[in-house]
Novice: 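Submitted below is the structure of interest, expressed as structure tokens.
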Amino acid sequence: MELGKARLSAMVVLTTALGYAVAAKATLNFDWRVLGWTCLGTFLAAVGASAFNQAWEMLRDAKMERTKRRPVPTEEISRAHAAFVGAIASIAGITILYPTSNRLTAILGIVNILLYVLVYTPLKPVSTVNTLVGAVVGGIPPMMGWAAATGSPSAGAWVLGSILFVWQIPHFLALTWMYRYEYAKAGFKMVSTVELTGRLTALLTLLYSIVLIPTAAAMSMTGHAGWPFALVAALLGTGLTCLALRFTATRAYADARRLFLATIVYLPLLSGALVLDARGPYDWMLRGEAGYSSPPAAGETFVDPSTIPQR
């Protein structure tokens, strides 16, 4: 569990479940078995990617206080062992996703593993672009959940993925500012280790916190949520922006920590509001009352059964 970064993998699973729940609720197509298999496959894929990551970064992890006790730097597990576990977990995860969810979900899982292991991880000591790549990796899991429910990446999937992408920037930048000396010691290229005053780090956290408000509201604009969710998203986003503004003014460790913790609180609250207020781009409840159990096919005309003359 330590090798697979269990807490991080659990968060990946939660965002995947969020994507499935919102999409399935909108299409009245919720299946606990599909959700369960999708979550299991995603969890194994995340564990596999994390194991590969630790095998790759053994020497750098050993230089950081927050990572030096991981099983590979302490040599409780060898690099080869970690890579072997990563391969087995990744293959098992994709093997589960393909038949139980669908091909698109499995493809997204493969793409995410490759991005994390072959792009994000080697970029960390080379360029600050690694933060954006890591945010893309974090934005794909909810799209996997959506794909498992619908079989296609509709507008709602892209919006949900964008929310996770934008959310990760202030979340991660606050963390890197708190541990900037450790990241610098390990040789990682983060904004906080390249621009030492913290001005750019703070401005980026503020910018992305502000952008998060309209990005989250887009779920309502596309018809996948109602005004209650839009209101909650606006309130949460405003609170996050206020903390980011304070961090921008002080660049203090305490304010970076408050912002980091706030991002952790933000995500489950936003997710809960979205699940409660999720809907499709049509009013599925009215359709259900009219006798429709699923969305009409392309080109199909919606006919209210109550208007059909009875013999």
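Treat the numbers as computed from the prediction; the structure is a model and nothing was measured. Heavy-atom basis, side chains included; hydrogens, waters and symmetry copies ignored.
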Novice: If you measure from CZ on Phe165 to OG1 on Thr215, what distance do you get to the nearest 0.5 Å?
Specialist: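 Result: 10.0 Å between the selected atoms.
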Novice: Taking the side chain as everything from C-beta on, heavy atoms only, tell me whether Leu243 gets closer than 4.5 Å to Phe247.
Specialist: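 When only atoms from C-beta onward are counted, Phe247 and Leu243 do not touch, as no gap falls below 4.5 Å.
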Novice: For Arg60, I'd like to know if atom CZ has over 12 heavy atoms of other residues, nucleotides or ligands within 6.0 Å.
Specialist: yes
Novice: One pair to check against side-chain contact (heavy atoms from CB on, under 4.5 Å): Leu231 and Trp227. What are the steps and the verdict?
Specialist: CA-CA 6 Å; Leu231 178 60; Trp227 68 264; 4.2 Å; yes
Novice: Closest heavy-atom contact between Ala21 and Val275?
Specialist: CB-CG2, 4.4 Å
Novice: If Ile, Leu, Val, Met, Phe, Trp and Tyr residues are connected whenever their side-chain heavy atoms lie under 4.5 Å apart, and connections chain through other members, are Phe43 and Ile110 in the same group?
Specialist: no
Novice: Would you call Leu18 and Pro142 a side-chain contact if the rule is heavy atoms closer than 4.5 Å?
Specialist: no
Novice: Kindly write out the residues that satisfy side chain to side chain donor-acceptor pair (under 3.5 Å) with Tyr20, not counting sequence neighbours, or none if the list is empty.
Specialist: none
Novice: Roughly how far, to the nearest 0.5 Å, is CD1 of Ile107 from OH of Tyr98?
Specialist: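 Going from OH on Tyr98 over to CD1 on Ile107, the span is 8.0 Å.
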Novice: Hey, what do you get for CZ (Arg257) to CG (Leu259), rounding to the nearest 0.5 Å?
Specialist: 12.5 Å
Novice: Atom CD1 in Ile140, atom CG in Asn112: separation rounded to 0.5 Å?
Specialist: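 It is 4.0 Å, given to the nearest 0.5 Å.
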Novice: Could you work out, with side chain to side chain donor-acceptor pair (under 3.5 Å) as the rule, every residue matching Ser101, not counting sequence neighbours?
Specialist: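 By the side chain to side chain donor-acceptor pair (under 3.5 Å) rule, Ser101 matches Thr38.
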Novice: Please determine whether the number of non-hydrogen atoms from other residues, nucleotides or ligands lying under 6.0 Å from atom CD of Glu195 exceeds 12.
Specialist: yes
Novice: Name the one of Leu104, Leu108, Leu40, Thr105 that satisfies side chain to side chain contact (heavy atoms under 4.5 Å, CB included) with Leu97?
Specialist: Thr105
Novice: Please report the closest heavy-atom contact between Ile213 and Ala234, naming both atoms and the distance.
Specialist: CG2-CA, 4.3 Å
Novice: With a 4.5 Å heavy-atom cut-off, do Met190 and Arg180 have their side chains touching?
Specialist: no
Novice: Where do Leu274 and Ala225 come nearest, in terms of heavy atoms and distance?
Specialist: CD1-CB, 3.9 Å
Novice: I need the full list of side chain to side chain donor-acceptor pair (under 3.5 Å) pairs touching residues 263-277, with sequence neighbours left out, sorted by first then second residue.
Specialist: His171-Thr263, Asp277-Arg279
Novice: Can you name the salt bridge (Lys or Arg N to Asp or Glu O under 4.0 Å) partners of Arg246, sequence neighbours left out?
Specialist: Asp255
Novice: Quick one: which residue pairs count as a salt bridge (charged side-chain N to carboxylate O under 4.0 Å, His left out) with a foot in residues 139-151, not counting sequence neighbours?
Specialist: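 Matches after skipping sequence neighbours: none remain.
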Novice: Mind checking whether Ile113 and Leu8 sit in one hydrophobic cluster, side chains of I, L, V, M, F, W, Y counted as touching below 4.5 Å?
Specialist: yes
Novice: May I have the list of side-chain donor-acceptor pairs in residues 130-138 shorter than 3.5 Å, sequence neighbours left out?
Specialist:
from: Asn130; atom 1: ND2; to: Ser127; atom 2: O; distance (Å): 2.5
from: Asn130; atom 1: ND2; to: Lys189; atom 2: O; distance (Å): 2.9

Novice: With a 3.5 Å cut-off and no angle check, do the side chains of Asn53 and Ser50 form a donor-acceptor pair?
Specialist: no
Novice: What's the verdict on side-chain contact (heavy atoms from CB on, under 4.5 Å) for Lys5 and Gln54, showing C-alpha distance, side-chain angles and the deciding distance?
Specialist: CA-CA 9 Å; Lys5 300 180 183 177; Gln54 289 195 49; 3.7 Å; yes
Novice: Tell me the closest heavy-atom pair linking Phe229 and Ala216, and the distance in Å.
Specialist: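 Where Phe229 meets Ala216 most closely, the heavy atoms are CE2-O, 3.2 Å.
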Novice: Taking Gly226's backbone N and O only, do any of them form a donor-acceptor pair with Ser220's side chain (distance below 3.5 Å, no angle check)?
Specialist: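 Flag set: sc Ser220 to bb Gly226 pair under 3.5 Å.
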Novice: Rounded to the nearest 0.5 Å, what separates atom NZ in Lys185 from atom CE in Met64?
Specialist: 10.0 Å
Novice: Between Tyr183 and Arg66, do the side chains contain a donor N or O and an acceptor N or O under 3.5 Å apart?
Specialist: yes
Novice: Starting from the C-alpha separation in whole Å, work towards a yes-or-no answer on side-chain contact (heavy atoms from CB on, under 4.5 Å) for Met219 and Val22.
Specialist: CA-CA 10 Å; Met219 287 300 292; Val22 175; 4.2 Å; yes
Novice: Do any side-chain atoms of residues 148-163 form donor-acceptor pairs under 3.5 angstrom with protein atoms, and if so which ones, sequence neighbours left out?
Specialist:
from: Thr150; atom 1: OG1; to: Trp146; atom 2: O; distance (Å): 3.0
from: Thr150; atom 1: OG1; to: Ser152; atom 2: N; distance (Å): 3.3
from: Thr150; atom 1: OG1; to: Ser152; atom 2: O; distance (Å): 2.9
from: Ser154; atom 1: OG; to: Trp146; atom 2: NE1; distance (Å): 2.9
from: Trp158; atom 1: NE1; to: Pro153; atom 2: O; distance (Å): 3.2
from: Ser162; atom 1: OG; to: Trp158; atom 2: O; distance (Å): 2.7

Novice: Are Phe188 and Leu59 linked, directly or through intermediate hydrophobic residues, by side-chain heavy-atom contacts shorter than 4.5 Å (ILVMFWY only)?
Specialist: no
Novice: Honestly curious: do Val12 and Met144 fall in one hydrophobic cluster under the side-chain, below-4.5 Å linking rule?
Specialist: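 The answer is no; the residues belong to distinct hydrophobic clusters.
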Novice: For Phe30, is the CZ atom crowded, meaning more than 12 foreign heavy atoms sit under 6.0 Å from it?
Specialist: yes
Novice: For residues 74-94, please give each side-chain donor-acceptor pair under 3.5 Å, one per line with the distance, not counting sequence neighbours.
Specialist:
from: Thr74; atom 1: OG1; to: Arg70; atom 2: O; distance (Å): 3.0
from: Thr74; atom 1: OG1; to: Pro71; atom 2: O; distance (Å): 3.2
from: Thr74; atom 1: OG1; to: Glu76; atom 2: OE2; distance (Å): 3.0
from: Ser78; atom 1: OG; to: His81; atom 2: N; distance (Å): 3.0
from: Arg79; atom 1: NE; to: Ala55; atom 2: O; distance (Å): 2.8
from: Arg79; atom 1: NH2; to: Trp56; atom 2: O; distance (Å): 3.4
from: Ser90; atom 1: OG; to: Gly86; atom 2: O; distance (Å): 2.7

Novice: Who pairs with Tyr120 by side chain to side chain donor-acceptor pair (under 3.5 Å), at least two apart in sequence or on another chain?
Specialist: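 Expected list: none.
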Novice: When you group the ILVMFWY residues by side-chain heavy-atom contacts below 4.5 Å and let the links chain together, are Leu115 and Val47 in the same group?
Specialist: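 No, Val47 does not connect to Leu115 through the hydrophobic network.
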Novice: Less than 3.5 Å apart, which donor and acceptor atoms pair up between the side chains of residues 202-210 and the rest of the protein, not counting sequence neighbours?
Specialist:
from: Thr205; atom 1: OG1; to: Ala202; atom 2: O; distance (Å): 2.6
from: Ser209; atom 1: OG; to: Thr205; atom 2: O; distance (Å): 2.7

Novice: Just verifying a value: how many Å separate Leu118 CG and Leu123 CG, rounded to the nearest 0.5 Å?
Specialist: 11.0 Å
Novice: Apply salt bridge (Lys or Arg N to Asp or Glu O under 4.0 Å) to Lys68 and list each qualifying residue two or more places apart in sequence or on a separate chain.
Specialist: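 In terms of salt bridge (Lys or Arg N to Asp or Glu O under 4.0 Å), with neighbours along the sequence ignored, Lys68 is linked to Glu65.
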Novice: Could you tell me which residues satisfy salt bridge (Lys or Arg N to Asp or Glu O under 4.0 Å) with Glu57, sequence neighbours excluded, listed by chain and number?
Specialist: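 Per chain and number, Glu57 pairs via salt bridge (Lys or Arg N to Asp or Glu O under 4.0 Å) with Lys124.
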Novice: Run the side-chain contact (heavy atoms from CB on, under 4.5 Å) test on Thr176 and Thr193 for me, step by step, so that the C-alpha distance in whole Å, both residues' side-chain angles and the decisive distance to 0.1 Å come before the verdict.
Specialist: CA-CA 8 Å; Thr176 59; Thr193 64; over 6 Å; no
